Q: 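Mind having a look at this structure? Questions to follow.
Only heavy atoms go into these numbers, but all of them, side chains included; no hydrogens, no water, no symmetry mates. Computed from a predicted model, the values in this text were never measured in an experiment.
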Amino acid sequence: LRYLRCTFTGNKAETTSNGGRTSRGGAIWSGATDARIDACSFVDNACATNDSGESMGGAIFVESASNGVVVGSQFRGNTSRQGAGMFLTGNSQPNIRTSDFISNVATDSGGAAHASTSPAFFFDCEFRLNRAATNRGSVLFADGASGPTIYGSLLCGNPGNDLVGTFTSDQNSSSEYCADCNGNGLEDADDIAAGRATDCDANGVPDSWQTDRDCDGVIDACDGCPDS
């Protein structure tokens, strides 16, 4: 099964069990299928989050030892209780490469993804402005007997603890945490280069995050009279 240059927007998984306590996969629910997803967009998809029941995988839910591939895709603005971008479980081992996870929100765990007994592999991905509950992995939450690997990826502007849980390898291995003082999900260097922020002393830190003791709008490092 292959999804090529598809767009999934505004889909919602409602409850699927008796008692109305389970919703999985706002756009896709994949079980025992090695699907391939190429250059697709998942935008503003959701799992119902009412009640305290399961709400897993705002965009995608993967289970039953599925070993699919996600390449060059974007997950933006998806929501669920756990794993707003993706929820991976049941020893599923997808390979997620060169994909972006932006502004996904989990009310509990795993803003971008939640891996529960899933040795998934994330490579060369970007994670920006994703959110989850306090200490529940704004980027990735991992639990269970086997955990995921995140490698060669960029994590930027995700509040709190980005990576929480058990990983099969060093979760920081060859990954980069960007300098993002103002928390807008963009590197400070890019903000400065584009004129969105000033840097009068050329130290790479936006002036808005440096000391201005006399509050005259000029940081002390560039002010001839910083105390008056």
Q: Does NZ or CZ of Arg97 lie under 6.0 Å from the centre of the six-membered ring of Phe123, at an angle within 45° of the ring axis?
A: no
Q: Can you tell me how far the CE atom of Met56 sits from the NE2 atom of His114, to the nearest 0.5 Å?
A: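 Between Met56 CE and His114 NE2, I get 7.0 Å after rounding to 0.5 Å.
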Q: So how far is it from Ser66 OG to Asn91 CG, rounded to the nearest 0.5 Å?
A: 11.0 Å
Q: Mind telling me whether Phe8 and Tyr3 have parallel, tilted or perpendicular rings, with 30° and 60° as the class edges?
A: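 Tyr3 and Phe8: perpendicular rings.
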Q: Would you call the rings of Phe101 and Phe127 parallel, tilted or perpendicular, where under 30° means parallel and over 60° means perpendicular?
A: parallel
Q: Return each pair, listed once, that meets side chain to side chain donor-acceptor pair (under 3.5 Å) where at least one residue sits in residues 196-206; pairs must be two or more places apart or across chains.
A: Asp191-Arg196, Thr198-Asp207, Asp201-Asn203, Asp201-Gln210, Asn203-Gln210
Q: How close do Ala59 and Gly85 get, counting heavy atoms only, and between which atoms?
A: CB-O, 3.1 Å
Q: Using the test disulfide bond (SG atoms under 2.5 Å apart), find all partners of Cys6 that sit at least two apart in sequence or belong to another chain.
A: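 Cys6 satisfies disulfide bond (SG atoms under 2.5 Å apart) with no residue once adjacent residues are dropped.
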Q: Would you mind reporting whether Leu140 and Pro148 have side-chain heavy atoms less than 4.5 Å apart?
A: yes
Q: Between Ala115 and Ser118, which heavy-atom pair has the shortest distance, and what is it?
A: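 Scanning both residues, the minimum pair turns out to be CB-O, 3.9 Å.
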Q: Does a side-chain heavy-atom distance below 4.5 Å link Ile219 with Cys200?
A: yes
Q: Spell out, as yes or no, whether a donor-acceptor pair under 3.5 Å connects the side chain of Ser55 to the backbone of Arg81.
A: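 Checked: pair present.
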Q: Using a 4.5 Å cut-off on heavy atoms from C-beta on, say whether the side chain of Ser23 contacts that of Glu14.
A: no
Q: Compare every heavy atom of Ala106 with every heavy atom of Gly110, then report the nearest pair and how far apart it is.
A: O-CB, 3.5 Å
Q: Which heavy-atom pair separates Pro206 from Ile192 by the least distance, and what is that distance?
A: N-CD1, 4.3 Å
Q: Looking at residues at least two apart in the chain, or sitting in another chain, which of them share a ring-ring contact (aromatic ring centres under 6.0 Å, His included) with Phe61?
A: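 With neighbours one apart ignored, the set is Trp29, Phe87.
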Q: Name all residues meeting the side chain to side chain contact (heavy atoms under 4.5 Å, CB included) criterion together with Thr211; count only those two or more places apart in sequence or in a different chain, and write none if there are none.
A: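 Testing Thr211 for side chain to side chain contact (heavy atoms under 4.5 Å, CB included), a comparison that skips the adjacent residues, returns Arg213, Asp220.
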Q: Taking the side chain as every heavy atom from C-beta outward, state whether Phe42 and Ile28 have any atom pair closer than 4.5 Å.
A: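 Yes, side chains in contact.
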Q: Say whether, by atom type as modelled, one donor and one acceptor occur between the side chain of Asn130 and the main chain of Val139 under 3.5 angstrom.
A: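 Here the side-chain-to-backbone pair does not exist.
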Q: Tell me every residue that passes side chain to side chain contact (heavy atoms under 4.5 Å, CB included) with Thr7, counting only those two or more places apart in sequence or in another chain.
A: Thr9, Ser41
Q: Quick one: do Leu163 and Leu88 end up in the same hydrophobic cluster if we chain Ile, Leu, Val, Met, Phe, Trp and Tyr together by side-chain heavy atoms under 4.5 Å apart?
A: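 Yes, Leu163 connects to Leu88 through the hydrophobic network.
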Q: Ser116 vs Asp143, test: side chain to side chain donor-acceptor pair (under 3.5 Å). Steps then yes/no.
A: CA-CA 5 Å; Ser116 180; Asp143 59 11; 3.0 Å; yes
Q: Looking at CD1 of Ile60 and CZ of Phe75, how far apart are the two atoms once the value is rounded to the nearest 0.5 Å?
A: 4.0 Å
Q: Mind checking whether Met86 and Leu129 sit in one hydrophobic cluster, side chains of I, L, V, M, F, W, Y counted as touching below 4.5 Å?
A: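 No, separate clusters.
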Q: CD1 of Ile102 to CZ of Arg128: how many Å apart, nearest 0.5 Å?
A: 7.0 Å
Q: Other members of the hydrophobic cluster containing Val71, with the 4.5 Å side-chain heavy-atom rule, please.
A: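 Same cluster as Val71: Val69.
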Q: Identify whether Val62 and Ile96 are in the same connected component of the hydrophobic contact network (ILVMFWY, side-chain heavy atoms under 4.5 Å).
A: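 In one cluster: yes.
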Q: Please check if the side chain of Ser138 supplies one atom and the backbone of Gly111 the other of a donor-acceptor pair under 3.5 Å.
A: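 Checking the backbone N and O of Gly111 against the side chain of Ser138, no donor-acceptor pair under 3.5 Å is found.
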Q: Return the OG to CZ distance between Ser103 and Arg76, rounded to the nearest 0.5 Å.
A: 6.0 Å
Q: Main chain of Ser99, side chain of Ser73: is a donor-acceptor contact present, judged purely on distance under 3.5 Å?
A: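 Side chain of Ser73 to backbone of Ser99, a donor-acceptor pair under 3.5 Å: no, none is there.
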Q: How long is the span from the CG atom in Asn135 to the CG atom in Asn161, to the nearest 0.5 Å?
A: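 One gets 5.0 Å once the value is rounded to the nearest 0.5 Å.
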Q: Could you walk me through whether Glu63 and Ser92 pass side-chain contact (heavy atoms from CB on, under 4.5 Å), step by step?
A: CA-CA 6 Å; Glu63 64 177 348; Ser92 59; 5.9 Å; no
Q: Using the rule side chain to side chain donor-acceptor pair (under 3.5 Å), only one of Asp44, Asn104, Asn11 pairs with Asn78; which is it?
A: Asn104
Q: Is the number of heavy atoms from other residues, nucleotides or ligands under 6.0 Å of Arg136 CZ greater than 12?
A: yes
Q: Between Gly25 and Ala13, which heavy-atom pair has the shortest distance, and what is it?
A: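 Closest heavy-atom pair between Gly25 and Ala13: O-CB, 3.6 Å.
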Q: Going hydrophobic residue to hydrophobic residue with side-chain gaps under 4.5 angstrom, can you get from Ile37 over to Leu1?
A: yes
